[in-house]
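A short worksheet on the structure shown next.
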Amino acid sequence: MTLPLTPPLAPQLARSRASLPEGEGWAYEPKYDGFRAVAFVDGDETYLQSRNGKPLTRYFPELQFPAGRYVLDGEIVASSFDTLGQRIHPAASRIARLAEETPTTYYAFDLLALDDEVLLERSYDERRAALEAHVVAPVVLTDMVRSAAEADHWLHEAEGVIAKEAASPYLPGERTGMIKVKRVRTVDAVVLGWRPGKAERTVGAIILGLYNADGRLREVGHSSGFTAKEKRELVDFLAPYETGERGSGEPSRWTQGRDLEWVALRPELVVEITFDHVSDGRIRHGAKVQRWREDKAPEACTVDQLDQ
């Protein structure tokens, strides 16, 4: 390739915040749940690089980029993050099959180089104008709005919001000029059991369950992150609910094939948790207990909460 920028190129990163910045001088984009990827396009040749500098091209043969000489920053998105993760596989035949069955899309949100010109030192506004003028199908131009109020719906409907300083240059590898606010969701879940912590006589995590439409209770994830004091106190708090069933170092219906200890509980306790990501009907990231719900019946904790 003869581009003015060459891989590996560290993408600019965002600082986490609990709320969106407001006022003039900000641009807001939806946050995606995919693989961050820098696309280097030289003529008909394309090279896709991951956030940590690894090559991605062979895993996504269905992605097509219009011929030209440019470098894009964007995200590879599929129907779910699990579907996306299945692509990172050594077998070319499997990749080809999945590329046809579950095709991905590339969402572009920055233009880093065009022809022989490097655009990193230009402001976001200048790069966005160039991006809008350049991006054509099948590459998708990410949405952008100019106020926190307009972006607020992405905190409820998408994975969150990325806020960018309109006057900021592109700073590879730095957490400057960009802020991310993740979507935070809540759910009331039944406590199915617990897993021991690293320290003796402590709770490391509680196992969460929700009821299907047919009335069956199924495991949907776990919540950890308790304080040292809470980890000790929870052992006695949960003891009256234990069924006597437990496992030690063997896979079970609650460990997804992993070797983990677990202690089963009667499905009588309900907790409200916050979380930021669901994939294939399971809570994947950020589950944190907010409060115990003595006022809510376990049978009311249904799996349709994950769709809200």
Side-chain angles (χ1 to χ4, degrees), residues 10-36 51-52 73-75 77 80-81 84 107 109-110 123-125 128 142-189 191 203-206 208 210 220-231 234 270-279 282-293 295-296 301 305-308:
Q12 185 174 6
L13 303 175
R15 306 188 311 275
S16 294
R17 269 183 47 170
S19 60
L20 292 175
E22 298 187 27
E24 296 182 359
W26 289 96
Y28 307 84
E29 301 172 357
K31 183 180 182 297
Y32 297 105
D33 186 28
F35 285 171
R36 184 80 175 270
R51 169 177 165 168
N52 60 1
D73 187 8
E75 193 117 351
V77 179
S80 74
F81 192 79
L84 198 63
Y107 287 82
F109 41 70
D110 218 323
S123 69
Y124 168 84
D125 278 347
R128 175 72 191 195
T142 193
D143 292 335
M144 185 270 289
V145 295
R146 291 290 183 174
S147 72
E150 292 175 287
D152 184 73
H153 69 100
W154 288 323
L155 293 175
H156 310 283
E157 301 166 4
E159 292 299 317
V161 177
I162 302 293
K164 300 181 177 181
E165 293 183 9
S168 176
Y170 190 96
L171 302 170
E174 296 189 26
R175 295 185 185 273
T176 303
M178 291 173 56
I179 289 172
K180 63 181 176 182
V181 181
K182 294 182 178 180
R183 176 185 182 184
V184 178
R185 303 158 67 180
T186 64
V187 66
D188 294 322
V191 183
V203 170
I206 55 173
L208 306 171
L210 294 172
V220 295
H222 69 275
S223 180
S224 54
F226 300 109
T227 65
K229 182 174 182 288
E230 289 170 336
K231 290 178 179 180
L234 278 171
V270 174
V271 291
E272 178 185 348
I273 64 164
T274 57
F275 63 98
D276 56 34
H277 180 62
V278 171
S279 180
R282 286 181 54 79
I283 298 168
R284 300 294 185 181
H285 301 301
K288 185 176 181 180
V289 172
Q290 298 301 303
R291 58 175 174 150
W292 296 91
R293 291 294 306 270
D295 60 327
K296 185 151 188 176
C301 300
Q305 296 177 88
L306 300 180
D307 299 325
Q308 297 175 3

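Numbers here are sequence positions counted from 1.
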Does the side chain of Ile162 come within less than 4.5 Å of Phe109's, by heavy atoms? no

In terms of heavy-atom contacts, Asp188 and Lys296 come closest through OD2-NZ, 2.9 Å

Any side-chain to backbone donor/acceptor pair from Ser223 onto Ala287? Under 3.5 Å, distance only. yes

Closest non-hydrogen contact found for Leu155 with Gly160 is CD2-CA, 4.1 Å

Arg51 CZ: over 12 foreign heavy atoms closer than 6.0 Å: no

Between Gln290 and Thr274, what is the shortest heavy-atom contact and its length? NE2-OG1, 3.1 Å

Are Met178 and Leu171 packed together at the side-chain level, in the sense that at least one heavy-atom pair is separated by less than 4.5 angstrom? no

Taking all atoms of both residues into account, what is the closest heavy-atom pair of Arg36 and Asp73, and its distance? NH2-OD2, 2.7 Å

Within the side chain of Tyr28, is there an N or O that forms a donor-acceptor pair under 3.5 Å with the backbone of Val161? no

Main chain of Arg183, side chain of Glu159: is a donor-acceptor contact present, judged purely on distance under 3.5 Å? no

Minimum-distance pair of heavy atoms, taken over all atoms of Gly34 and Glu75: N-OE2, 3.0 Å

Atom pair CZ/CZ of Arg15 and Arg175 - distance to nearest 0.5 Å: 10.0 Å

Within a radius of less than 6.0 Å around CD of Glu157, do more than 12 heavy atoms belonging to other residues, nucleotides or ligands occur? yes

Carefully, step by step, assess His222 and Ile273 under the rule side-chain contact (heavy atoms from CB on, under 4.5 Å). CA-CA 10 Å; His222 69 275; Ile273 64 164; over 6 Å; no

All heavy atoms of Lys31 vs all of Ala158, minimum pair found to be O-CB, 4.3 Å

Roughly how far, to the nearest 0.5 Å, is CZ of Arg282 from CG of Leu210? 11.0 Å

Taken to the nearest 0.5 Å, the spacing of Ser168 OG from Gln12 CD works out to 5.5 Å

Would Val181 and Ile179 count as a side-chain contact (heavy atoms from CB on, under 4.5 Å) if you check the C-alpha gap in whole Å, the side-chain angles of each, and the deciding distance to 0.1 Å? CA-CA 7 Å; Val181 181; Ile179 289 172; 4.3 Å; yes

How long is the straight-line distance from NZ of Lys164 back to OG of Ser123, given to the nearest 0.5 Å? 12.5 Å

Which of Leu208, Val220, Ile283, Val271 passes side chain to side chain contact (heavy atoms under 4.5 Å, CB included) with Val187? Answer is Ile283

Examine distances only and state if a side-chain atom of Tyr124 and a backbone atom of Trp26 form a donor-acceptor pair shorter than 3.5 Å. no

